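Convention: sequence-line order gives letters A, B, ...; per-chain numbering from 1. Note that the structure is predicted; figures quoted are calculated from it, not measured. Atoms considered below: every heavy atom in the structure, side chains included; atoms not considered: hydrogens, waters and symmetry mates.
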Amino acid sequence: MGSVQVCDLKQHVGQPVVLKGWLYNRRGSGKLLFLQFRDGSGIVQCVVSKADVPEAVFETAKRIGIETSLVIHGKASEDKRSSLGVEIHVTDLTVIGESKDYPIQITEDVPNIDKLLDQRHLWVRSRIPHAILRVRSEVVQAIRDFYYNKGFVLFDAPMFTPASCEGTSTLFEVPYFESTAYLSQSGQLYGEAGALAFGKVVVFGPTFRAEKSKTRRHLTEFWMVEPEVAFLELDGVMDLAEEQMRYVISRALERCKEELKVLERNTATLEQISKPFPRVSYDDIQQLLQKLKAEYAASPDAELQKLSKDILKGGLGDDLGAADETAIGMHFQQCVMVHRYPRHVKAFYMKKDPANDKRALCVDVIAPEGVGEIIGGSQREDSLDELLAQIEHHKVPMESINWFVDLRRYGSVPHGGFGMGVERCVQWITGAQHVRETIPFPRTIYRLNP
RNA sequence: UCCGCGGUAGCUCAAUGGUAGAGCAUUCGACUGUUAAUCGACAGGUUGCUGGUUCGAGUCCAGCCCGCGGAGCCA
């Protein structure tokens with residue numbers, strides 16, 4: 001008899017079944033044991049009654065440690081007392097691999113995340129990581145389906161790159177035979193080459209940032225999806241970003257109901273995704289923030305007063321900070337697109353706004369609930385002369401970027417795209433406290449293990 | 001790099017400068033319907049490191065190490 005997965009058990013009610021998996025938890029009494037049994041697809045309660053099994057089987061069931069791997073023979077039966085609606089009445093049980101003194105407890109799903117991350121290789125067996133990582137899996141699949149269905153070509157960018165794409169960020173240096181390579185911090189420049197070759201491409205892979213960021217929103221290694229489209233101008237970039245966000249979030253809401261329930265996620269704000277995203281210019285956002293700063297300062301809420309102090313901290317005309325993004329999210333209670341930032345705070349490859357040469361044709365999508373920037377995109381500078389000027393101004397080494405400039409020498413067209421951080425997206429959907437919970441093995445400044 | 005917080009049992013945390021404690025987990029025992037089961041018992045410690053003050057330091061002081069949160073930068 002072949003084995004059955006826990007998630008399929010409802011179709012086997014009244015039948016004898018074989019289950020393969022691990023002991024998740026155990027309760028019980030002298031003559032009746034309740035084994036919480038997991039196989040990766042779900043958790044089911046297996047009842048071992050002393051009267052129904054040989055003495056040796058009962059003794060084994062009583063002694064085995066948490067996370068012992070098992071083969072269970074039993075009968076699936078409907079039971080309203082079980083949260084799954086089904087439980088197993090065990091007839092036989094075989095130990096495959098023993099487990100003694102398992103270092104993680106059921107009740108440790110909540111506390112010190114850093115200690116648990118030391119045990120990440122085991123922690124991923126627990127309920128909370130399970131739910132979050134299943135959402136991640138769905139999000140990644142939704143992203144792939146979205147672009148595939150729209151006719152985008154998957155265009156992989158290299159991880160080893162000759163130099164910085166964006167100048168300011170710190171790159172990881174790695175020895176590369178006789179010279180030095182850098183781990184990619186964005187596939188976008190390569191995506192532009194792809195867009196001019198295929199029209200619509202999407203780069204999807206890991207990226208690396210050596211910044212010493214220590215916040216709940218940062219990883220040194222994270223996954224980014226970066227569509228890039230020829231003949232797409234800023235409004236089109238915003239349309240694409242909005243459509244993609246709506247597809248991904250809706251699909252997670254639709255297909256990850258169980259996971260979001262386990263995570264006790266209130267999805268009210270997520271459901272706002274069906275409404276159009278407000279599109280607000282940087283200049284209008286500055287005015288709004290001034291208003292919110294004054295409003296929050298006068299509020300009786302101490303949290304808001306504190307937030308008020310950090311709004312527009314760099315003064316007017318500066319890049320938006322974390323507090324600004326939090327305030328914007330609180331005000332709109334949905335995703336907001338802020339466009340046309342000052343050029344001096346943005347990357348060299350962004351196109352100058354023809355209506356105001358102090359502004360760039362760029363957009364950030366800011367997610368609510370304190371998540372902040374989740375997408376950054378722009379129309380790209382397609383003029384050879386303007387791009388060369390920007391490269392010089394940002395001191396980007398010409399020898400490593402010359403190929404990119406070629407894209408403006410041989411049939412340049414208006415084009416644009418954006419990058420979305422997969423982990424931040426998953427963080428928003430799941431409500432995870434730290435972005436490092438949204439990837440199986442997070443890499444941060446102080447964490448390279450396990 | 002800067003600012004703030006922290007490091008005590010496997011985990012979460014207590015402990016006026018005066019014998020280092022609890023809950024959970026582990027181990028053992030009781031219990032035929034438990035949902036983080038419950039109840040009883042045993043066991044569990046170089047209080048991050050180094051030095052200092054003191055009759056006496058988990059506690060006070062200095063330095064260091066490690067981590068966390070935030071800022072900056074970004075997705």
Side-chain angles (χ1 to χ4, degrees), chain A residues 24-36 43-52 58 62-63 65-66 79-84 87 89 99-119 123 126-127 165-170 185-188 206-226 241 306 309-310 313-314 318-323 325-326 345-347 364-367 370-377 418-428 433-436 438 444-447:
Chain A
Y24 189 68
N25 194 15
R26 174 180 44 214
R27 291 179 286 271
S29 63
K31 291 169 185 166
L32 195 60
L33 296 172
F34 302 102
L35 307 181
Q36 307 301 311
I43 295 175
V44 66
Q45 174 158 283
C46 299
V47 184
V48 187
S49 172
K50 198 166 187 174
D52 297 347
F58 190 83
K62 201 171 159 184
R63 311 248 165 239
I66 300 300
D79 198 306
K80 290 194 186 92
R81 288 168 294 192
S82 146
S83 54
L84 193 69
E87 64 178 22
H89 289 106
S99 171
K100 280 182 182 167
D101 300 326
Y102 188 66
I104 296 178
Q105 302 158 35
I106 307 300
T107 49
E108 277 175 343
D109 273 356
V110 186
N112 192 326
I113 282 164
D114 190 55
K115 290 254 168 65
L116 287 170
L117 281 173
D118 287 338
Q119 308 287 344
W123 189 29
S126 300
R127 280 172 81 239
C165 293
E166 306 195 17
T168 52
S169 294
T170 321
Q185 62 172 352
S186 165
Q188 185 219 306
T207 51
F208 307 88
R209 304 274 166 95
E211 290 148 0
K212 295 187 171 181
S213 300
K214 292 197 292 184
T215 81
R216 62 200 169 86
R217 300 189 310 283
H218 286 86
L219 295 169
T220 53
E221 177 183 327
F222 64 97
W223 283 64
M224 189 151 67
V225 55
E226 300 176 283
K306 201 176 150 207
K309 289 197 182 106
D310 289 328
K313 205 164 62 176
D318 199 3
D319 200 3
L320 300 183
E325 293 180 356
T326 301
V345 303
K346 291 294 179 182
D364 281 1
V365 177
I366 294 169
V371 174
E373 185 181 349
I374 201 167
I375 281 178
F418 62 84
M420 181 185 78
V422 169
E423 289 76 13
R424 284 190 184 174
C425 184
V426 176
Q427 182 185 21
W428 182 38
Q433 276 300 302
H434 309 77
V435 76
R436 59 200 164 160
T438 65
T444 62
I445 174 168
Y446 293 124
R447 180 171 295 285

For [X] and [N], what is the distance between atoms [atom1] and [atom2] respectively, to the nearest whole Å?
| X | N | atom1 | atom2 | value |
| --- | --- | --- | --- | --- |
| A:Lys31 | B:G29 | NZ | P | 16 Å |
| A:Tyr24 | B:A36 | OH | P | 11 Å |
| A:Lys50 | B:G33 | NZ | P | 15 Å |
| A:Asp118 | B:C68 | CG | C1' | 13 Å |
| A:Asp364 | B:A75 | CG | C1' | 9 Å |
| A:Gln427 | B:A75 | CD | P | 15 Å |
| A:Ile366 | B:C74 | CD1 | P | 13 Å |
| A:Glu211 | B:A71 | CD | P | 14 Å |

Return the [atom1] to [atom2] distance between [X] and [Y], rounded to the nearest 0.5 Å.
| X | Y | atom1 | atom2 | answer |
| --- | --- | --- | --- | --- |
| A:Arg63 | A:Lys100 | CZ | NZ | 12.0 Å |
| A:Leu219 | A:Arg209 | CG | CZ | 11.5 Å |
| A:Asp319 | A:Lys346 | CG | NZ | 5.5 Å |
| A:Phe418 | A:Asp364 | CZ | CG | 12.0 Å |
| A:Asp118 | A:Arg447 | CG | CZ | 4.5 Å |

How far, in whole Å, is [M] from [N] if one measures between their [atom1] atoms?
| N | M | atom1 | value |
| --- | --- | --- | --- |
| B:G48 | B:C5 | C1' | 16 Å |
| B:A15 | B:U59 | P | 14 Å |
| B:C49 | B:G67 | C1' | 15 Å |
| B:U32 | B:A14 | P | 40 Å |
| B:U12 | B:U53 | P | 35 Å |
| B:U26 | B:A20 | P | 28 Å |
| B:A25 | B:C42 | C1' | 15 Å |
| B:A41 | B:G4 | P | 47 Å |

Side chain of [X] (C-beta onward), nearest among [options]:
| X | options | value |
| --- | --- | --- |
| A:Arg436 | B:A71, B:G33, B:G69 | B:G69 |
| A:Thr215 | B:U34, B:U32, B:G72 | B:G72 |
| A:Lys62 | B:U32, B:A30, B:G70 | B:A30 |
| A:Glu373 | B:G33, B:A75, B:U32 | B:A75 |
| A:Arg424 | B:U32, B:A75, B:G33 | B:A75 |

Quick one: does any side-chain atom of [X] pair with a main-chain N or O of [Y] as donor and acceptor, under 3.5 Å?
| X | Y | value |
| --- | --- | --- |
| A:Glu226 | A:Gly187 | yes |
| A:Arg217 | A:Arg424 | no |
| A:Thr207 | A:Phe222 | yes |
| A:Ser99 | A:Ile66 | yes |

Quiz item: Which residue lies toward the 5' end of RNA chain B, A:Lys346 or A:Arg63, if each is placed at its nearest nucleotide?
Solution: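 Result of the comparison: A:Arg63.
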Quiz item: Of A:Gln45 and A:Asp318, whose closest RNA chain B nucleotide lies nearer the 5' terminus?
Solution: A:Gln45
Report yes if at least one side-chain N or O of [X] is closer than 4.0 Å to OP1 or OP2 of [N]; otherwise report no.
| X | N | value |
| --- | --- | --- |
| A:Arg27 | B:U34 | no |
| A:Asn25 | B:U34 | no |
| A:Arg209 | B:G72 | no |
| A:His434 | B:C68 | no |

When we call it a touch if two heavy atoms are under 4.0 Å apart, what does [X] touch: a base, just sugar-phosphate, or nothing?
| X | result |
| --- | --- |
| A:Lys214 | base |
| A:Leu219 | base |
| A:Asp310 | nothing |
| A:Arg217 | base |
| A:Glu221 | nothing |
| A:Arg447 | nothing |
| A:Gly419 | sugar-phosphate |
| A:Glu423 | nothing |
| A:Gly65 | nothing |

Quiz item: Any side-chain heavy atom of A:Arg436 sitting closer than 4.5 Å to one from A:Leu117?
Solution: yes
Quiz item: Would a 4.5 Å heavy-atom cut-off, applied to side chains only, mark A:Ile43 and A:Leu84 as touching?
Solution: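 A side-chain contact under 4.5 Å is absent here.
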Taking donor-acceptor contacts at under 3.5 Å, does the side chain of [X] reach the base of [N]?
| X | N | answer |
| --- | --- | --- |
| A:Gln36 | B:U35 | no |
| A:Ser213 | B:C73 | yes |
| A:Gln119 | B:G10 | no |

Exercise. Using the six-membered ring for Trp and the full ring for Phe, Tyr or His, decide whether A:Phe222 stacks on the six-membered base ring of B:A75 (centres under 5.5 Å, planes under 30°).
Key: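 Stacked: ring centres under 5.5 Å, planes under 30°.
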Exercise. For RNA chain B, list all stems, counting runs of three or more consecutive pairs where every pair is Watson-Crick or G-U wobble with both distances under 3.5 Å.
Key: B:1-7 with B:65-71, B:10-13 with B:21-24, B:27-30 with B:38-41, B:48-52 with B:60-64
